[in-house]
There are 2 protein chains.
Amino acid sequence: MANALTIGRVADAAGCKAQTIRYYEQIGLLPAPPRSEGNQRLYDDAAIQRLSFIRHARQLGFPLQAIRDLISLSDRPEQTCEAADAIARQQLADVDRRIRRLQALRHELERMIEQCKGGRIADCLVIETLGDHGLCDVDDHGDAEKTNRNAQRPPKSLGRW
Amino acid sequence: MANALTIGRVADAAGCKAQTIRYYEQIGLLPAPPRSEGNQRLYDDAAIQRLSFIRHARQLGFPLQAIRDLISLSDRPEQTCEAADAIARQQLADVDRRIRRLQALRHELERMIEQCKGGRIADCLVIETLGDHGLCDVDDHGDAEKTNRNAQRPPKSLGRW
DNA sequence: GATACAAGCTACAGTAACTGTTGGTTCAAG
DNA sequence: CTTGAACCAACAGTTACTGTAGCTTGTATC
């Protein structure tokens with residue numbers, strides 16, 4: 001069937017920008033489609049499906065490399081899906097880690113804000129708390145937000161730098 | 001007092017890399033410190049404190065721009081801390097949004113994995129689910145992971161692209 | 001057929017917040 | 001005096017795109 005779609009339609013269908021589609025093509029995540037006489041890309045339904053797959057996986061937080069792996073897996077449909085399962089499990093573990101960490105952050109932020117009674121900057125606990133890692137309940141190890149730390153305890157007040 | 005520290009010590013104290021400190025200096029987040037005769041940066045305790053502030057705020061997920069704002073606030077200690085409070089509240093709202101979203105992701109990932117009973121790729125639900133946004137409970141609006149979407153419902157099976 | 005405007009094209013720069021690399025200098029220890 | 005670690009500047013690379021510039025193509029209207 002010759003229902004050939006231009007890039008904009010496909011972008012709308014998959015919920016991304018035309019630029020993004022070209023980008024995926026450029027990095028080899030999408031195959032280069034045929035072109036019209038005027039050199040415009042023409043897509044079919046299979047392309048939309050593959051793009052939707054990619055977008056959906058991205059929304060689930062899979063990095064492009066993992067998506068690449070999943071795609072290459074799905075090109076060998078007779079194998080067991082152990083590997084796909086492993087990728088998904090990894091992603092789940094990652095999401096779990098991020099949730100736990102964000103909850104710790106949330107906690108500290110809330111405490112910070114609660115204590116701030118709208119005084120002057122000089123006594124602002126938001127600012128003071130940020131200078132003082134010792135009171136912090138954030139525990140970070142190997143996170144998506146790649147942090148590392150090792151804080152000393154500074155004197156209580158920040159004052160002027 | 002002349003307890004002058006080289007960049008490596010400061011990096012250890014604040015839990016970051018020397019590179020990062022130079023980067024912060026470069027973008028104006030840290031003032032350029034004096035140098036030794038051999039052109040090496042020499043820091044004092046105030047610098048460590050400021051750096052700790054920055055690192056801690058970063059661990060809490062504040063973007064550098066927000067940190068910049070907080071620093072410039074703290075340079076005017078006689079104002080009210082309304083603005084600092086607002087920044088923190090914003091950050092909290094952001095963290096909340098991210099947590100909610102990650103929990104939705106977690107949910108879908110878990111379902112995906114649970115359903116995958118180790119068959120062949122051809123029937124793998126991990127892969128199939130990713131191709132099918134219609135089953136998805138992920139709802140995304142204005143997120144840190146800047147996604148947008150608008151999916152159509154593709155036919156049930158992916159098969160070959 | 002002329003014109004206007006949207007949508008497409010390529011190529012490149014920019015984003016955040018760093019990290020890594022290269023190739024050279026300085027410092028402290030032995 | 002010689003290692004070797006720590007420092008220096010400058011720049012490239014990372015991730016996953018997004019934005020811009022300057023052009024061409026496609027479509028709708030007059």
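Remember, it's a predicted structure, so these values are computed and weren't measured experimentally. Throughout, a chain's letter reflects where its sequence line sits, starting with A, and its residues are numbered from 1.
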C:dT10 phosphate, OP1 or OP2: any side-chain N/O from A:Arg35 under 4.0 angstrom?
yes
Under 4.0 Å: is that the gap between some side-chain N or O of B:Thr20 and OP1 or OP2 of C:dC18?
no
Got a donor-acceptor contact below 3.5 angstrom from the B:Arg9 side chain to the B:Ala4 backbone?
no
Can you measure A:Ile67 atom CD1 to D:dA16 atom P for me and round it to whole angstrom units?
8 Å
Ignoring backbone atoms, establish whether B:Arg55 has a side-chain N or O less than 4.0 Å from OP1 or OP2 of C:dC18.
yes
I need the CG-C1' distance between A:Leu42 and C:dC9, as an integer number of Å.
13 Å
Before accepting this row, confirm whether a basic side-chain N of the pair A:Asp96/A:Arg100 lies closer than 4.0 Å to the acidic partner's carboxylate O.
no
Using a cut-off of 4.0 Å on non-hydrogen atoms, how would the nucleic acid contact of B:Gln19 be classed: base, sugar-phosphate, or nothing?
base
Closest to the A:Lys17 side chain, choosing from C:dC9, D:dC17, D:dT18
D:dT18
Identify whether the distance between the nearest side-chain nitrogen and carboxylate oxygen of B:Asp94 and B:Arg97 falls below 4.0 Å.
yes
Heavy-atom nearest nucleotide on DNA chain D for B:Glu25 versus A:Ser36: which residue maps closer to 5'?
B:Glu25
Presence of A:Thr6 side-chain N/O under 4.0 Å of C:dA7 phosphate oxygens OP1/OP2:
no
Strictly below 4.0 Å: does A:Tyr24 bring a side-chain N or O up to OP1 or OP2 of D:dC17?
yes
In whole angstroms, how far is the P atom of C:dA17 from the CG atom of B:Leu51?
15 Å
Output the rounded distance in Å from CD1 (A:Ile27) to P (D:dG13).
17 Å
Minimum heavy-atom distance B:Arg101-A:Gln59, with the two atoms named:
NH2-O, 2.9 Å
Whole-Å distance, A:Glu37 CD to D:dT25 P, equals 11 Å
Straight-line distance of A:Arg55 CZ to A:Thr20 OG1, nearest 0.5 Å:
6.0 Å
Does A:Arg41 have a side-chain nitrogen or oxygen under 4.0 Å from the phosphate oxygens OP1 or OP2 of C:dG8?
no
Starting at OH of B:Tyr23 and ending at C1' of D:dG13, how long is that distance when rounded to a whole Å?
14 Å
So if I take every side-chain heavy atom of A:Pro63 and compare against D:dC8, D:dT18, D:dA16, which nucleotide ends up nearest?
D:dA16
How many whole angstroms separate atom CZ of A:Arg9 from atom P of D:dG26?
14 Å
Which residue lies more 5' along DNA chain C, comparing B:Gly38 with A:Gln26 via nearest heavy atoms:
A:Gln26
How long is the line joining CZ of B:Arg22 and P of D:dC11, in whole Å?
15 Å
Using the closest heavy atom to pick a nucleotide of DNA chain C for each, name whichever of B:Gln65 or B:Gln40 lands nearer the 5' end.
B:Gln65
Could you walk me through whether B:Gln49 and B:Asp45 pass side chain to side chain donor-acceptor pair (under 3.5 Å), step by step?
CA-CA 6 Å; B:Gln49 226 163 101; B:Asp45 288 344; over 6 Å; no
Proximity to the side chain of B:Arg58 - top-ranked nucleotide from D:dC8, C:dA17, C:dT10
C:dA17
